[in-house]
A.B. asks: 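Mind having a look at this structure? Questions to follow.
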Amino acid sequence: MTLTFYYGSGSPFAWYVWLILEHKQLPYEFKLMSLLGGDLKTAAYLTMNPRGKVPVLVEDGLALWEAAAIGEYLEEVYPDRPLLPSSAQDRAIARRTLAEAHSYLYPPIRRLMEQTVFRADGMGNATIIESSLKNIQRELAYFETALQNEFFVSSLSIADLGFYPLPALVKRLLAKYPQFSSTLTIGDHLTAFMHRIEQLPYFAKTIPPHWQE
């Protein structure tokens with residue numbers, strides 16, 4: 001069976017799935033979709049994913065969307081090089097951490113991006129920006145405390161590969177808007193964690209293409 005992976009550059013959810021595919025050393029056909037060029041709104045794409053978002057993974061006629069569901073599918077169908085621990089407790093923590101990252105850290109990052117990098121006319125609403133910065137920092141502090149070891153559970157897991165793209169987005173925002181550095185701080189634990197992920201042998205292949213321009 002052939003895996004076809006539909007990806008959008010910069011999407012943290014698509015990045016997560018890409019990291020899983022590379023970690024598991026699975027062969028796949030890579031489809032780079034333009035997030036701004038209308039690729040996700042074509043009739044053909046909406047037939048695969050009526051939500052009109054990335055990622056999408058297609059295998060043997062099955063089209064899957066929602067990154068968490070794709071991750072679980074790949075873990076179940078391709079159990080080699082597992083990304084869920086053997087302990088039921090650690091599996092639950094890994095899943096919880098992934099859900100927390102996507103539910104609580106991503107939304108304020110998205111709101112901040114909507115008021116900054118997604119705008120062609122400069123900065124947006126100052127109140128929304130201030131609120132987003134505070135919420136991002138609160139969540140970064142939470143995950144800084146939650147990360148007590150090298151990874152969020154006993155070994156590299158879905159939690160780590162799903163979490164990493166979010167502080168990576170924060171770092172990119174800080175590089176573009178250094179004035180935010182007085183509010184946003186990535187702590188020592190998370191900084192070391194990010195470095196460990198960046199040392200994975202397949203990491204460099206998954207850096208968003210437009211980040212390398």
A.B. asks: So, do Leu57 and Trp65 sit near enough that their side-chain heavy atoms are less than 4.5 Å apart?
C.D. replies: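 Side chain of Leu57 against side chain of Trp65, heavy atoms only: no contact under 4.5 Å found.
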A.B. asks: Is the backbone N or O of Ser157 less than 3.5 Å from a side-chain atom of Asp160, with the two atoms forming a donor-acceptor pair by type?
C.D. replies: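 Between the backbone of Ser157 and the side chain of Asp160 there is a qualifying donor-acceptor contact (under 3.5 Å).
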A.B. asks: Rounded to the nearest 0.5 Å, how far does CE of Met194 lie from CG of Leu147?
C.D. replies: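 Leu147 atom CG to Met194 atom CE measures 11.5 Å (nearest 0.5 Å).
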A.B. asks: Are the aromatic rings of Phe193 and Phe152 close, with centres under 6.0 Å apart?
C.D. replies: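 Ring-ring flag for Phe193/Phe152: true, centres closer than 6.0 Å.
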A.B. asks: Would you give the length of the straight line joining atom OG of Ser11 to atom OH of Tyr16, rounded to the nearest 0.5 angstrom?
C.D. replies: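 Going from OG on Ser11 over to OH on Tyr16, the span is 12.5 Å.
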A.B. asks: Decide if the gap between the ring center of Phe13 and the ring center of Tyr106 is smaller than 6.0 angstrom.
C.D. replies: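 Yes.
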A.B. asks: Donor-acceptor check, side chain of Gln25 to backbone of Glu22, threshold 3.5 angstrom: yes or no?
C.D. replies: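 Checked: no pair found.
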A.B. asks: Would you say the side-chain atoms of Gln115 pair up with the backbone N or O of Asn125, donor to acceptor, closer than 3.5 Å?
C.D. replies: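 Side chain of Gln115 to backbone of Asn125, a donor-acceptor pair under 3.5 Å: yes, one is there.
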A.B. asks: Got a sec, which residues hit side chain to side chain donor-acceptor pair (under 3.5 Å) with Glu75, two or more places apart in sequence or on another chain?
C.D. replies: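 In terms of side chain to side chain donor-acceptor pair (under 3.5 Å), with neighbours along the sequence ignored, Glu75 is linked to Lys24.
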A.B. asks: To the nearest 0.5 Å, tell me how far Phe151 CZ sits from Arg196 CZ.
C.D. replies: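 CZ of Arg196 is found 6.0 Å from CZ of Phe151.
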A.B. asks: Is there a side-chain contact between Trp15 and Pro208 in this structure, where contact means two heavy atoms from C-beta onward sitting under 4.5 Å apart?
C.D. replies: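 With C-beta onward as the side chain, the pair touches.
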A.B. asks: Only distances under 3.5 Å count here; give the side-chain donor-acceptor pairs of residues 83-90 to other protein atoms, sequence neighbours excluded, each with its distance to 0.1 Å.
C.D. replies:
| from | atom 1 | to | atom 2 | distance (Å) |
| --- | --- | --- | --- | --- |
| Ser87 | OG | Gln89 | N | 3.2 |
| Ser87 | OG | Asp90 | N | 3.2 |
| Asp90 | OD2 | Ser154 | OG | 2.9 |

A.B. asks: Which value, rounded to the nearest 0.5 Å, describes the distance between His189 atom NE2 and Asn149 atom CG?
C.D. replies: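 Answer for the NE2-CG pair, His189 versus Asn149, is 9.5 Å.
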A.B. asks: Evaluate the side-chain contact (heavy atoms from CB on, under 4.5 Å) criterion for residues Val58 and Tyr6: first the C-alpha distance (whole Å), next the side-chain angles of each, then the deciding distance (0.1 Å), finally the verdict.
C.D. replies: CA-CA 8 Å; Val58 178; Tyr6 292 82; 3.9 Å; yes
A.B. asks: Should we say atom CZ of Arg119 is surrounded by more than 12 heavy atoms from elsewhere, each under 6.0 Å from it?
C.D. replies: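 Yes, because the 6.0 Å sphere around CZ of Arg119 holds more than 12 heavy atoms from other groups.
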A.B. asks: Does the side chain of Gln137 pick up a donor-acceptor pair with the side chain of Tyr142 at under 3.5 Å?
C.D. replies: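 No - no donor-acceptor pair under 3.5 Å links their side chains.
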A.B. asks: Tell me, do Arg138 and Lys134 make a side-chain contact under 4.5 Å, heavy atoms counted?
C.D. replies: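 No, every pair of side-chain atoms sits at 4.5 Å or beyond.
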A.B. asks: What side-chain donor-acceptor pairs closer than 3.5 Å can you find for residues 161-179, not counting sequence neighbours?
C.D. replies:
| from | atom 1 | to | atom 2 | distance (Å) |
| --- | --- | --- | --- | --- |
| Tyr164 | OH | Glu198 | OE2 | 2.6 |
| Tyr177 | OH | Val117 | N | 3.4 |

A.B. asks: Honestly curious: do Met48 and Tyr7 fall in one hydrophobic cluster under the side-chain, below-4.5 Å linking rule?
C.D. replies: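 Per the 4.5 Å side-chain linkage, Met48 and Tyr7 are not co-clustered.
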A.B. asks: Can you see which heavy atom on Ala68 is nearest to which on Leu98, and at what distance?
C.D. replies: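 Where Ala68 meets Leu98 most closely, the heavy atoms are CB-CD2, 4.5 Å.
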A.B. asks: Looking at side-chain heavy atoms only, is the closest gap between Leu21 and Phe5 below 4.5 Å?
C.D. replies: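 Yes, close enough: below the 4.5 Å cut-off.
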A.B. asks: Look only at the side chain of Ser9 and the backbone of His210, and say whether a donor-acceptor pair between them is shorter than 3.5 Å.
C.D. replies: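 Yes.
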A.B. asks: For the pair Val56 and Leu64, evaluate side-chain contact (heavy atoms from CB on, under 4.5 Å) and give the outcome as yes or no after the intermediate values.
C.D. replies: CA-CA 6 Å; Val56 168; Leu64 278 178; over 6 Å; no
A.B. asks: Rounded to the nearest 0.5 Å, what separates atom CG in Asp60 from atom CG in Leu3?
C.D. replies: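 If we round to the nearest 0.5 Å, Asp60:CG and Leu3:CG are 10.0 Å apart.
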A.B. asks: If I take atom CD from residue Glu59 and atom OH from residue Tyr28, how far apart are they, to the nearest 0.5 angstrom?
C.D. replies: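 Reported to 0.5 Å precision, the distance equals 14.5 Å.
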A.B. asks: Around Tyr104, counting heavy atoms of other residues, nucleotides and ligands shown, do more than 12 lie under 6.0 Å from its OH?
C.D. replies: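 Open: at most 12 neighbouring heavy atoms sit under 6.0 Å from OH of Tyr104.
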A.B. asks: If you look at every heavy atom in Ala43 and Thr47, which pair is closest and at what distance?
C.D. replies: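 Where Ala43 meets Thr47 most closely, the heavy atoms are O-OG1, 2.8 Å.
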A.B. asks: Give the intermediate values and the outcome of salt bridge (Lys or Arg N to Asp or Glu O under 4.0 Å) for residues Glu72 and Arg95.
C.D. replies: CA-CA 10 Å; Glu72 291 281 350; Arg95 289 179 170 120; 2.8 Å; yes
A.B. asks: Could you walk me through whether Ile93 and Thr97 pass the side-chain contact (heavy atoms from CB on, under 4.5 Å) check?
C.D. replies: CA-CA 6 Å; Ile93 293 171; Thr97 302; 3.9 Å; yes
A.B. asks: Please check if Val54 and Phe118 belong to a single hydrophobic cluster, counting links between Ile, Leu, Val, Met, Phe, Trp and Tyr side chain heavy atoms closer than 4.5 Å.
C.D. replies: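 No, separate clusters.
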A.B. asks: Linking directly or through intermediates, with side-chain heavy atoms under 4.5 Å: list the remaining ILVMFWY members grouped with Ile128, chain and number order.
C.D. replies: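 None; Ile128 is a cluster of one.
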A.B. asks: Would you say the side chain of Tyr45 lies within less than 4.5 Å of the side chain of Pro50, judging by non-hydrogen atoms?
C.D. replies: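 When only atoms from C-beta onward are counted, Tyr45 and Pro50 do not touch, as no gap falls below 4.5 Å.
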A.B. asks: List for me each residue that meets side chain to side chain contact (heavy atoms under 4.5 Å, CB included) alongside Ser131, sequence neighbours excluded, and say none if there are none.
C.D. replies: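 Ser131 satisfies side chain to side chain contact (heavy atoms under 4.5 Å, CB included) with Asn135 once adjacent residues are dropped.
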A.B. asks: Honestly curious: do Leu156 and Ile20 fall in one hydrophobic cluster under the side-chain, below-4.5 Å linking rule?
C.D. replies: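 The answer is yes; both residues are in one hydrophobic cluster.
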A.B. asks: Donor-acceptor pairs under 3.5 Å, side chain of residues 33-40 to any protein atom, not counting sequence neighbours: which ones?
C.D. replies:
| from | atom 1 | to | atom 2 | distance (Å) |
| --- | --- | --- | --- | --- |
| Ser34 | OG | Gly37 | N | 2.7 |
| Asp39 | OD2 | Ser34 | N | 2.8 |

A.B. asks: I'd like to know if the side chain of Tyr202 pairs up with that of Trp18 as donor and acceptor (distance under 3.5 Å, no hydrogens or angles considered).
C.D. replies: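 Per modelled atom types, Tyr202 and Trp18 side chains form no pair under 3.5 Å.
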A.B. asks: With a 3.5 Å distance limit and no angle check, can you tell me whether Glu144 reaches the backbone of Leu190 through a side-chain donor-acceptor pair?
C.D. replies: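 The answer is yes, because a donor-acceptor pair under 3.5 Å joins these two groups.
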A.B. asks: Does the side chain of Leu200 come within less than 4.5 Å of His23's, by heavy atoms?
C.D. replies: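 In short, these two side chains do not touch, never coming nearer than 4.5 Å.
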A.B. asks: Assess whether side-chain contact (heavy atoms from CB on, under 4.5 Å) is satisfied between Leu133 and Leu184, documenting all intermediate values.
C.D. replies: CA-CA 7 Å; Leu133 289 168; Leu184 291 183; 3.6 Å; yes
